[in-house]
Amino acid sequence: MLEKYKVLVEKLRNQCDPNIFPHATTKDWVIDRELIGQDRAMEALKYGLSMRRKGYNIYVSGFAGTGRSSYSYLVAEEFAKKRSTPYDWCYVYNFKRPNCPKAINLEAGKGMSFKKEIETAIKNIDIEIPKALSSKSYEDNKNSIFNENKKMAENILIELNNFAKEYNFVFKQTERGILSIPLVDNRPMTDEELDRLSDEDMDRLGDISIELTQKSYDYIKRIKNIEIKLKNEIKKLKEEQVALVATTFIGPIQVKYRKNEGITNFLLDMKEDIVKNYEMFLDDEEENYMEKIFLQGNKKEEFLKRYFVNLFIDNSYKEGAPVIKEMNPNYYNLFGKIEYANEMGVAKTDHTRIKPGSMHEANGGYILIQAKDVLQDKFSWDGLKRAIATEELKIENIYSSNLTSETLNPEAIPLDIKIIIIGDYMTYHLLYTYDEEFKKLFRIRADFDTEMERNKENILKIGSFVAYQCKKENLLPFNRDALGAIIDLSSRIADEKDKLTASFNNLVEVIYEADGWAFSKGKNIVTKEDVEITISKRQYRNNSYEERLLELIDNGTILIDTEGEKIGEINGLSVIDLGQYSFGRPTKITANTYFGKDGIINIEKETDQSGNIHDKGVLIMSGYLGEKYAQNIQLSMTASITFEQSYDGIDGDSASSTELYAILSSLGDIPIKQGIAVTGSVNQKGIIQPIGGVNEKIEGFYNVCKLKGLRGGEGVIIPSKNIDNLMLNEEVIDAVRKGIFTIYAINTIDEGMEILTGIKAGELNENGEYEENTINYYVQEKLIYYAMLDKEFEE
């Protein structure tokens with residue numbers, strides 16, 4: 001009766017045929033690093049990268065280890081190679097609005113040249129201006145202007161003195177200006193003679209002097225105008241000399257960049273500013289001593305900074321568009337900042353202290369950001385969305401400082417960038433649901449799967465992947481058998497025999513370690529033995545908890561029976577996940593049934609140790625019992641079920657069929673074989689549904705049976721649908737082949753009860769009763785008995 005439920009040995013594992021590989025070792029493979037099994041994600045990614053319209057940024061979703069980050073970077077690099085190298089960007093001083101530095105763009109690689117040309121020009125101008133203003137030609141012109149104006153002033157002074165003689169006065173040019181002096185004997189009075197005058201004479205002369213001064217105002221004004229004219233002409237002469245020097249060194253730069261409007265305007269403003277402030281280029285020998293003590297830095301050097309070029313983005317070393325991975329996307333790393341220098345307790349800055357962020361460096365290309373990182377900083381996330389929406393990058397410091405006495409408002413730079421955010425699906429779902437801007441700005445989702453079909457094409461691609469890793473990391477070549485073992489491991493990780501994992505990180509770790517084991521043995525090729533040793537050693541490093549549990553089972557601390565039969569007791573199977581390692585753990589499940597109306601009491605729920613999914617499984621069992629046995633009677637039963645010696649929370653419904661078997665055993669007083677463990681969920685119709693971790697569960701119970709001694713009747717019942725997931729280890733398969741361990745696959749509760757008890761399940765006859773001496777008959781009889789008791793109590 002049980003033979004039809006046994007899983008054949010050939011279905012316990014999908015063994016890779018090594019002959020499928022074209023070469024004896026990976027050394028002879030022609031390698032190509034391509035993304036394996038992610039056609040849907042790659043199509044979405046490439047489509048998003050090819051779209052040049054606003055809002056078509058990309059969210060790459062998937063689990064870590066699927067290659068979502070590395071391959072997104074590779075694809076972005078492919079697109080970047082086909083695009084032109086973006087502009088260099090410079091920030092320069094704004095002579096009209098000093099607090100608003102201007103942004104200038106140049107062809108890639110020209111920014112550094114422009115910066116050096118300006119520095120050289122300013123250095124030469126600084127040297128040549130003092131020379132120009134001390135040259136012989138300048139002095140000759142200056143003297144000529146001076147003499148000409150001096151002669152004009154002297155002629156006016158002669159006219160003035162002729163007029164002053166009528167008042168017996170004379171005018172003289174002094175350091176204090178033009179002064180009127182009384183005459184005596186046709187000569188100017190000396191100071192001693194003035195001092196000897198009486199008060200009356202002084203008052204009289206004073207009155208005359210005032211009257212004279214008033215009448216000679218026009219003459220004096222003419223002389224002062226000549227003085228002003230002299231100063232202006234000297235200043236003009238100096239400015240002409242300075243302009244000539246500036247033009248000499250700035251002119252060639254103007255010609256070179258004449259097609260760049262930003263540079264042209266900057267150079268015109270700079271030349272005008274140099275002429276206007278030529279005195280800053282002259283050495284001030286009379287500089288205040290106290291200023292030297294208290295003013296930090298050199299005043300001239302600080303002034304000359306206005307002419308310096310801040311090479312903000314230099315793309316001279318790039319070919320094609322940039323591709324940037326921002327590993328720490330805080331606000332300043334993304335959008336740049338304005339740095340400050342503390343001078344005497346005051347924070348000062350200038351356009352040379354404007355620093356770029358990774359968004360500036362990636363401008364014209366692509367930037368990759370991890371969702372979990374950028375969402376940790378509200379300023380970063382809001383700034384990112386704002387930059388995409390406005391299509392410009394504006395630099396501003398978001399944190400104010402009490403020391404700041406000045407700030408800058410740099411001109412924004414136009415933004416042309418494709419943003420790739422990498423995260424999991426849950427984050428994508430939350431953003432799409434709760435962030436209105438997100439769905440408008442990130443219209444493409446590329447979803448990386450965790451598995452792929454196990455076909456010849458993908459098997460060969462994984463072989464090529466191994467060959468690529470061997471070449472890239474200088475590993476020993478893998479032979480065909482080793483590659484076959486890698487393929488089988490891939491299916492085991494995928495938890496399905498006809499699938500391969502897309503989590504290549506797990507495979508890479510095994511590849512590296514297998515190379516290490518082969519190298520330690522002096523081999524020149526990695527074999528299947530090395531891969532198997534690697535898997536075994538990885539298990540050994542992580543299975544101390546499993547060994548401790550087995551020890552507790554062996555010494556009887558944890559009660560697990562693998563022989564005999566018991567009523568209302570059964571071995572259930574669960575999986576404990578320790579991260580790098582997971583294993584199956586058998587757990588004794590017990591059930592007691594008795595007369596009452598409480599239904600099924602979930603002891604775990606009563607003690608707050610049961611999760612929602614487990615609670616649902618218990619309710620499903622109630623539905624099954626009602627439909628199966630209580631169509632004509634009232635269900636007057638109380639059943640208590642529990643996971644014995646379990647002190648942690650329990651969730652999931654993979655043990656719901658196991659719990660139902662224990663209840664049916666208790667109701668029908670039918671003993672269950674303790675050497676058979678069970679896994680699988682059940683629906684209200686009694687259909688067994690597939691579960692996860694089937695390989696770990698089978699191997700976990702096998703290890704317990706081996707520990708207690710295999711007698712030939714041990715085995716595990718699994719859902720039929722889980723046959724496709726079987727990738728068991730060789731030891732379990734060998735035990736099945738020898739007939740000392742059995743894997744059963746079933747579709748219904750009735751089939752499972754027949755295996756566990758050796759008794760026929762029983763079918764309903766035309767009277768709505770189950771045939772005698774069957775499992776369902778015994779259960780129904782007990783429930784009828786409880787119903788009659790209930791009726792008697794009511795009467």
Side-chain angles (χ1 to χ4, degrees), residues 13-37 63-67 70 450-452 454 456 458-497 499-544 546 578-583 695-696 699 727-734:
R13 185 181 182 88
N14 188 358
Q15 194 80 33
C16 179
D17 181 5
N19 294 318
I20 195 174
F21 300 108
H23 304 289
T25 71
T26 55
K27 184 178 181 180
D28 302 320
W29 282 62
V30 177
I31 63 172
D32 179 26
R33 187 178 182 186
E34 60 176 322
L35 186 57
I36 309 169
F63 289 100
T66 56
S70 57
T450 56
E451 59 186 33
M452 55 189 161
R454 177 168 171 163
K456 182 178 180 180
N458 286 336
I459 288 174
L460 293 179
K461 284 182 177 179
I462 289 186
S464 178
F465 172 77
V466 177
Y468 172 82
Q469 293 297 325
C470 291
K471 181 177 180 180
K472 176 187 174 186
E473 302 296 335
N474 196 26
L475 307 178
L476 296 174
F478 282 57
N479 67 12
R480 286 192 174 102
D481 289 334
L483 290 177
I486 294 293
I487 296 298
D488 292 344
L489 173 64
S490 180
S491 289
R492 172 64 183 252
I493 295 172
D495 204 27
E496 192 167 345
K497 64 175 64 175
K499 299 284 186 181
L500 296 169
T501 184
S503 298
F504 295 104
N505 279 2
N506 294 325
L507 297 183
V508 168
E509 292 174 5
V510 174
I511 292 169
Y512 290 170
E513 292 182 30
D515 167 78
W517 283 108
F519 182 79
S520 67
K521 295 177 182 178
K523 294 183 178 181
N524 54 14
I525 290 176
V526 179
T527 65
K528 180 180 180 180
E529 178 190 4
D530 300 311
V531 177
E532 290 176 342
I533 290 175
T534 296
I535 296 171
S536 175
K537 292 296 184 182
R538 286 169 63 86
Q539 176 179 327
Y540 175 75
R541 291 198 301 267
N542 294 283
N543 73 346
S544 60
E546 181 186 18
L578 300 178
Q580 287 192 343
Y581 179 68
S582 58
F583 64 93
N695 293 295
E696 289 81 0
E699 292 168 359
M727 284 294 294
L728 295 169
N729 62 39
E730 290 295 338
E731 184 177 357
V732 175
I733 293 174
D734 188 54

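Because the structure is a prediction, the values reported are computed rather than measured.
Judged by distance alone, the side chain of Thr66 and the main-chain N or O of Thr450 form no donor-acceptor pair under 3.5 Å. Of the possible donor and acceptor atoms, one in the side chain of Ser490 sits under 3.5 Å from a partner among the backbone N and O of Thr501.
For Ala467 against Trp29, the heavy-atom pair with the smallest separation is CB-CB, 3.8 Å. When all heavy atoms of Ile486 and Leu507 are compared, the closest pair comes out as O-CD2, 4.3 Å. Heavy atoms only, all atoms of each residue included: Val526 and Ala482 are closest at O-CB, 3.4 Å. The two residues Cys470 and Phe478 make their nearest non-hydrogen contact at SG-CD1, 3.6 Å. Contact between Ala518 and Ile525 at its shortest, heavy atoms only, is CB-O, 4.1 Å.
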Practice task
Please test Tyr581 against Gln539 for side-chain contact (heavy atoms from CB on, under 4.5 Å), starting from the C-alpha separation and ending with a verdict.
Solution key: CA-CA 7 Å; Tyr581 179 68; Gln539 176 179 327; 3.4 Å; yes
Practice task
Start with the C-alpha distance between Phe21 and Thr26, add both sets of side-chain angles, then the distance that settles side-chain contact (heavy atoms from CB on, under 4.5 Å), and finish with yes or no.
Solution key: CA-CA 9 Å; Phe21 300 108; Thr26 55; over 6 Å; no
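Side-chain N/O atoms of Thr527 and Asp530 include a donor and acceptor closer than 3.5 Å.
Gln469 is listed as a side-chain neighbour of Tyr512, based on a closest heavy-atom distance under 4.5 Å. Here the side chains of Lys499 and Met727 are not in contact, with every heavy-atom distance at 4.5 Å or above. Proximity of Lys461 to Met452: side-chain heavy atoms (C-beta onward) are nowhere separated by under 4.5 Å. Side chains of Leu578 and Asn542 form no contact here, defined as non-hydrogen atoms less than 4.5 Å apart.
For the atom pair NE2 of His23 and CG of Leu483, the computed distance is 11.0 Å after rounding to the nearest 0.5 Å. Within the model, atoms CG of Asn729 and OG of Ser536 stand 10.5 Å from one another, a figure rounded to the nearest 0.5 Å. Rounded to the nearest 0.5 angstrom, Lys528 NZ and Asn479 CG are separated by 10.5 Å. Distance CG/Leu500 to CG/Leu489: 10.5 Å, rounded to 0.5 Å. For the atom pair CG (Asp515) and NZ (Lys523), the distance works out to 11.5 Å, reported to the nearest 0.5 Å. With rounding to the nearest 0.5 angstrom, the CG atom of Leu728 is 5.5 Å from the CD1 atom of Ile733.
Every residue two or more places apart in sequence or in another chain was checked for a salt bridge (charged side-chain N to carboxylate O under 4.0 Å, His left out) with Glu473, and none qualifies. A search for salt bridge (charged side-chain N to carboxylate O under 4.0 Å, His left out) contacts involving Asp495 returns nothing, not counting sequence neighbours. Partners of Glu451 under the salt bridge (charged side-chain N to carboxylate O under 4.0 Å, His left out) rule, at least two apart in sequence or in another chain, do not exist in this structure.
Contact check on Glu513 versus Lys537 returns no salt bridge, with no Lys/Arg side-chain nitrogen under 4.0 Å from an Asp/Glu carboxylate oxygen. Classification of Glu699 and Arg492 as a salt-bridged pair holds, one side-chain N sitting under 4.0 Å from a carboxylate O. In summary, Asp488 and Arg454 engage in a salt bridge, as defined by a charged side-chain N under 4.0 Å from a carboxylate O.
Taking the six-membered ring where tryptophan is involved, the planes of Phe465 and Phe504 are tilted, since the angle between them lies from 30° to 60°.
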